[in-house]
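This report concerns only the one structure given below.
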Amino acid sequence: MHESCTSFLVDLTRRAAVPLFCLLLTGCSTVDYYGQLARGQLQLLQARQPVQAVIDDPSTAPQLRQRLALSQQARRFASEQLGLPDNRSYRVYADLQRPFVVWNLFATPEFSLKPQLHCFPIAGCVAYRGFYEQGRARGAAALLNAQGLDTYLGGVEAYSTLGWFDDPILNTMLRWSDERLVAVIFHELAHQQYYLAGDTAFNESYATFVEQQGLREWHAARGSPASTEAGPRPREQFSELVLASRARLEALYASGLSDEAMRAGKQAEFDRLRRDYQQLKATHWQGVGYYDGWINGPLNNAKMLPFGLYDRWVAAFATLFDEVGGDWPTFYLRVAELGALPEAKRLIQLQALDAVRN
């Protein structure tokens, strides 16, 4: 997979982990599951140390010192210029000695794109279960597969506890480019600023807008050019491709055909998606395989779940930001007002805001 676009697929799993900590506060279906969550979160908390102490330590590798220094510049900018929470989150560092902090497990029926939901206080309902141990995640996936469910397991490199704990910069985050590291700090702090339980599309679209607008202001303040990484256009094109495929699958599953016919149609749709991807790659990306790793792996319903959640209402929040003249405190107040509306009224408001830009 082309390095410059891996962040998009990272986002699809990373951002789903926002309310994972809430599971620690509520109890779970099994003592074993609860125990691994408690141990994992405790390990993370115990591994934290002040970022400045790591920077000042003469034994710290120069590259790590440079990345952490950048993270603190972004952290100050987030609070001073973007109006995001001013707390100890992302002012501490934790090296977990592994590539992912958690693994998220998504599951759907064989002939449905509706996820298995797990509902908890504070976080609301989420479409995954999080595991701090990869082996346990794989075991849980195998059990669901044995029940005939489609599953998808995605590694998560960062998540937010919504301000309940001091979230650290993680070693897993430092594999990203400077651009992505700064963006994720803005994104996760936006979740701390406002979070609406049970509405993933609202939460992630809002935080994605804060991330994108924050990056624009970050570059302007530093007099630096906007990122040259492959960005929104390939990302949007790929997302549109998958969403179109998902829509066709939904129509297939609602058709009333026999299981055998739907199973054949499902496979035919995944074959079509791969062909459409190759055509997009050849005609628009000059042969660059931004998402080869994703498309060439096993495809199923669960793997397609995250698409469309993280940018559905970004344009609506951009309109809202324009309406308040780019004033961040007023913007956050308006976001909270939107979130307080009943779901049906909130959807109408979001559609109206979205229509201004589309």
Side-chain angles (χ1 to χ4, degrees), residues 4-5 7-8 10-12 14-15 18 70-87 89-90 158-160 162-163 167 173 176-196 199-236 239 308-339 346 349-358:
S4 61
C5 272
S7 60
F8 175 50
V10 167
D11 290 346
L12 294 180
R14 172 183 59 76
R15 294 180 180 176
V18 169
L70 174 68
S71 76
Q72 297 313 282
Q73 294 170 22
R75 182 64 187 81
R76 288 191 295 273
F77 187 88
S79 293
E80 294 173 1
Q81 303 300 321
L82 307 182
L84 292 168
D86 190 2
N87 53 32
S89 288
Y90 309 109
Y159 68 87
S160 170
L162 309 181
D167 296 320
M173 299 165 62
W176 301 332
S177 67
D178 287 352
E179 180 91 358
R180 289 306 305 159
L181 178 59
V182 171
V184 167
I185 291 171
F186 296 165
H187 184 102
E188 301 301 352
L189 286 171
H191 284 307
Q192 291 191 17
Q193 180 70 33
Y194 184 77
Y195 180 81
L196 177 61
D199 194 332
T200 300
F202 183 95
N203 292 324
E204 297 303 341
S205 297
Y206 146 72
T208 296
F209 170 75
V210 173
E211 166 192 325
Q212 293 176 354
Q213 180 61 27
L215 278 174
R216 285 189 283 269
E217 296 187 16
W218 164 263
H219 285 301
R222 292 165 65 90
S224 59
S227 172
T228 57
E229 295 179 1
R233 193 56 189 151
R235 177 187 307 179
E236 291 170 0
S239 184
L309 290 176
Y310 304 102
D311 54 7
R312 174 63 184 92
W313 302 115
V314 171
F317 287 108
T319 300
L320 191 64
F321 190 73
D322 289 344
E323 287 184 355
V324 301
D327 181 75
W328 284 105
T330 306
F331 171 73
Y332 297 132
L333 286 173
R334 292 287 302 278
V335 170
E337 290 172 357
L338 263 179
R346 183 167 66 248
Q349 289 293 315
L350 288 167
Q351 289 172 335
L353 289 166
D354 185 71
V356 173
R357 299 221 168 200
N358 294 306

Where [X] and [Y] come nearest, the two heavy atoms and their spacing:
| X | Y | value |
| --- | --- | --- |
| Ser160 | Leu162 | OG-N, 2.9 Å |
| Tyr332 | Gly83 | CE1-O, 3.6 Å |
| Ala183 | Leu215 | CB-CD1, 3.6 Å |

Just wondering, do Asp86 and Glu80 contact through their side chains at under 4.5 Å, heavy atoms? no
Does any non-hydrogen side-chain atom of Tyr90 lie less than 4.5 Å from one of Pro85? no
Quick one: side chain to side chain contact (heavy atoms under 4.5 Å, CB included) partners of Val356, sequence neighbours excluded? Thr319
Taking atom [atom1] of [X] and atom [atom2] of [Y], what is their separation to the nearest 0.5 Å?
| X | Y | atom1 | atom2 | value |
| --- | --- | --- | --- | --- |
| Tyr194 | Phe202 | OH | CZ | 5.5 Å |
| Phe317 | Arg334 | CZ | CZ | 11.0 Å |
| His187 | Leu84 | NE2 | CG | 11.5 Å |
| Tyr206 | Leu338 | OH | CG | 12.0 Å |
| Arg180 | Glu211 | CZ | CD | 4.5 Å |
| Phe186 | Gln213 | CZ | CD | 11.0 Å |

Looking only at side chains, do Trp328 and Gln193 share a donor and an acceptor under 3.5 Å apart? no
What is the ring orientation for Phe77 with Trp218, classed by angle as parallel under 30°, tilted 30 to 60°, or perpendicular over 60°? perpendicular
Name the one of Gln192, His191, Glu188 that satisfies side chain to side chain contact (heavy atoms under 4.5 Å, CB included) with Asp167? Gln192
Pick one: which of Arg75, Gln73, Gln72 meets side chain to side chain contact (heavy atoms under 4.5 Å, CB included) with Ile185? Arg75
Give a yes or no answer on whether the side chain of Thr208 reaches the backbone of Glu204 with a donor-acceptor pair at less than 3.5 Å. yes
